[in-house]
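Notes follow the structure.
A, B, ... follow the sequence lines: proteins, then strands. Residue 1 opens every chain. Reckoned from all heavy atoms, side chains included, excluding hydrogens, waters and symmetry mates.
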Amino acid sequence: MPPAIIPEDNSYYGVALRLDGRVRHVTITVESSELRVRVTGPRPAARARTQLAAAVRRMFRLDEDFAPFYAMIENDAVLSWAASGAGRMLAAPAVFEDVVKTICTTNCAWSGTVRMVSALVNDLGGGAFPEPQTMAKAPEKFYRDTARAGYRGAYLKALAKDVASGKLDLEALRPEHGLPDADVEERLLALPGVGPYACAHAMMLLGRYHRLVFDSWTRPAYLRITGRRRASDRTIERAFRPYGAFAGLAFWLTLTRGWLPG
DNA sequence: CGTCCAGGTCTAC
DNA sequence: GGTAGACCTGGACGC
């Protein structure tokens, strides 16, 4: 296992997770370069602890090897700063959750995404992100009147249905299962409501960093940072081609440099 | 009040 | 393979 590079002490993250059927509030802190995970309630049984460990490992990308990327950018004019441990985009415990949330970001303002996901968590999941079966069973009324997901409602329900029935296995898209990027992309694009943007975004969350995410935020952000007046997606892709398998991550870090203090 | 568009996608040419 | 129009929703904006 590659070393987990933790940038600083006192980092804190909180999330509600469903562990062995029970919603737990989980806090993750950094203490002496190690992650410490705490949960509310009585000590979780073995099954819940296993689920918790798996969730944290995926959320913080503990099984991914960033060393090749850091070696690549060590002397990079723009990205050398990131070589000290940046790039661990927070993922959900399950690929299903990432795909659902990503669909909830499409063609709407961020406030809409928050509304839809909040409804899924609070009104359907009892405080944690709902299981596929729960989303599959939820009536259309929920998606229309509570989540106010509009036309996405049908996509979300259909997706949940296929995952719940076993017809669709999104977790199989994780890198450890060995599917080539091209196959994973093809499967993602075949999902209802998943186009080039959502596919690229989901690929990043899967730890597959080749594809650049183009949307109404990243495009202007790139222009602002480079000082260009305009640049086509193909031009931007060409600019990041030197980063190879990490082009998408390099693009993202270039755009989000200002999100970090200092 | 109508129009536009926001972390796009789908269908039909 | 590339492009127009429609699509839920709800804020922002112009009139």
request  = For dG8(B), take OP1 and OP2 only and decide whether either is under 4.0 Å from a side-chain N or O of Ser216(A).
outcome  = yes
query = Hey, is the side chain of Arg144(A) poking within less than 4.0 Å of OP1 or OP2 on dC8(C), counting only N and O atoms?
reply = no
Rounded interatomic separation in angstrom, taking [atom1] from [X] and [atom2] from [N]:
X: Leu205(A); N: dG7(B); atom1: CG; atom2: C1'; value: 13 Å
X: Tyr197(A); N: dG7(B); atom1: OH; atom2: P; value: 9 Å
X: Arg219(A); N: dG8(B); atom1: CZ; atom2: C1'; value: 9 Å
X: Trp259(A); N: dG7(B); atom1: CH2; atom2: C1'; value: 9 Å
X: Leu189(A); N: dG8(B); atom1: CG; atom2: P; value: 16 Å
X: Trp217(A); N: dA6(B); atom1: CH2; atom2: C1'; value: 14 Å
X: Tyr151(A); N: dA6(B); atom1: OH; atom2: P; value: 13 Å
X: Met116(A); N: dG11(C); atom1: CE; atom2: C1'; value: 13 Å

query = Ring centres of Trp110(A) and Trp217(A) under 6.0 Å apart?
reply = no
ask   = Taking the six-membered ring where the residue is Trp, are the ring centres of Phe214(A) and Tyr222(A) under 6.0 Å apart?
value = no
Under 4.0 Å, counting only non-hydrogen atoms across every strand here, what does [X] touch: a base, just sugar-phosphate, or nothing?
X: Arg115(A); answer: sugar-phosphate
X: Tyr155(A); answer: sugar-phosphate
X: Gly193(A); answer: sugar-phosphate
X: Ala149(A); answer: base

What interatomic distance, in whole Å, is found between [atom1] of [M] and the corresponding atom of [N]?
N: dC5(B); M: dC15(C); atom1: P; answer: 14 Å
N: dT3(B); M: dG5(C); atom1: P; answer: 16 Å
N: dC4(B); M: dA4(C); atom1: P; answer: 16 Å
N: dC1(B); M: dC8(C); atom1: P; answer: 23 Å
N: dG1(C); M: dG7(B); atom1: C1'; answer: 26 Å

remark   = Which of dC8(C), dG10(C), dG7(B) is nearest the side chain of Arg148(A)? It is dG10(C)
query = Would you say Leu191(A) and Tyr155(A) make side-chain contact, with heavy atoms under 4.5 Å?
reply = no
key: Heavy-atom pair of closest approach, residues Arg58(A) and Leu206(A)   = NH1-CA, 4.3 Å
inquiry  = Applying the Watson-Crick and G-U wobble criteria at under 3.5 Å, what pairs with dG10(C)? Answer none if nothing qualifies.
reply    = dC5(B)
note = Under a 3.5 Å limit on both distances, the Watson-Crick or wobble mate of dG5(C) is dC10(B)
task = Show your reasoning for whether salt bridge (Lys or Arg N to Asp or Glu O under 4.0 Å) applies to Glu64(A) and Arg174(A).
result = CA-CA 11 Å; Glu64(A) 290 184 31; Arg174(A) 298 183 188 212; over 6 Å; no
remark   = By nearest-heavy-atom nucleotide on DNA chain B, the more 5' of Val194(A) and Val213(A) is Val213(A)
ask   = Any Lys/Arg nitrogen of Lys157(A) or Glu140(A) sitting under 4.0 Å from an Asp/Glu carboxylate oxygen of the other?
value = no
